[in-house]
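Any value given below was found using the heavy atoms of this structure, including those in side chains, with hydrogens, waters and symmetry copies removed. The chain is numbered in sequence order, starting from 1.
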Amino acid sequence: MTRYETITSLGDDLIKLMGKSIIPVHILDWKVYYEAYLKQTELLLKEYGKPKKTWAAGMVADEFNISERTMFNVIAFMESS
């Protein structure tokens, strides 16, 4: 189970844990970035027939005004177990 799957399985408890300062608030931001990345990867897969992960990461980084390096860190964090 990846970290992303774990975070999404928490559901409403994620907000409660953030309220208690058990989980840092930036994890919610990272979840939003990662979900946008997954959506963008899916769109590029449909358009080009293969996932263009670097393009997707760059597009999401531009959309949220974060660096590409930060986006790759988010992806690595969410996809690790």
Could you check whether any side-chain heavy atom of Ile23 comes within less than 4.5 Å of a side-chain heavy atom of Leu10, counting everything from C-beta outward?
yes

Check Ile66 against Met71 and note the closest heavy-atom contact, atom names and distance.
CD1-SD, 4.0 Å

Can you name the nearest heavy-atom pair linking Met18 to Pro24, along with the distance?
CE-O, 4.0 Å

In short, Ala57 meets Tyr37 closest at the heavy-atom pair N-CD1, 3.9 Å

Can you name the closest pair of heavy atoms from Met78 and Trp30 and give their distance?
CE-C, 3.7 Å

In terms of heavy-atom contacts, Ile7 and Phe77 come closest through CD1-CE2, 4.5 Å

What's the separation between atom OH in Tyr4 and atom CG in Leu38, rounded to the nearest 0.5 Å?
6.0 Å

Scanning both residues in full, the closest heavy-atom pair of Thr6 with Ser9 reads O-OG, 2.7 Å

Sidechain N-carboxylate O distance under 4.0 Å for Glu35, Lys31
yes

Do the ring planes of Tyr48 and Trp55 sit parallel (below 30°), tilted (30 to 60°) or perpendicular (above 60°)?
perpendicular

So does Asp13 have more than 12 non-hydrogen atoms from other groups sitting under 6.0 Å from CG?
yes

Is it the case that over 12 heavy atoms from other parts of the model lie below 6.0 angstrom from the NZ atom of Lys53?
no

Between Phe72 and Thr54, is the side-chain contact (heavy atoms from CB on, under 4.5 Å) condition met? List the steps.
CA-CA 9 Å; Phe72 287 119; Thr54 305; 4.2 Å; yes

Out of curiosity, Met59 CE to Lys39 NZ, how far, rounded to the nearest 0.5 Å?
13.5 Å

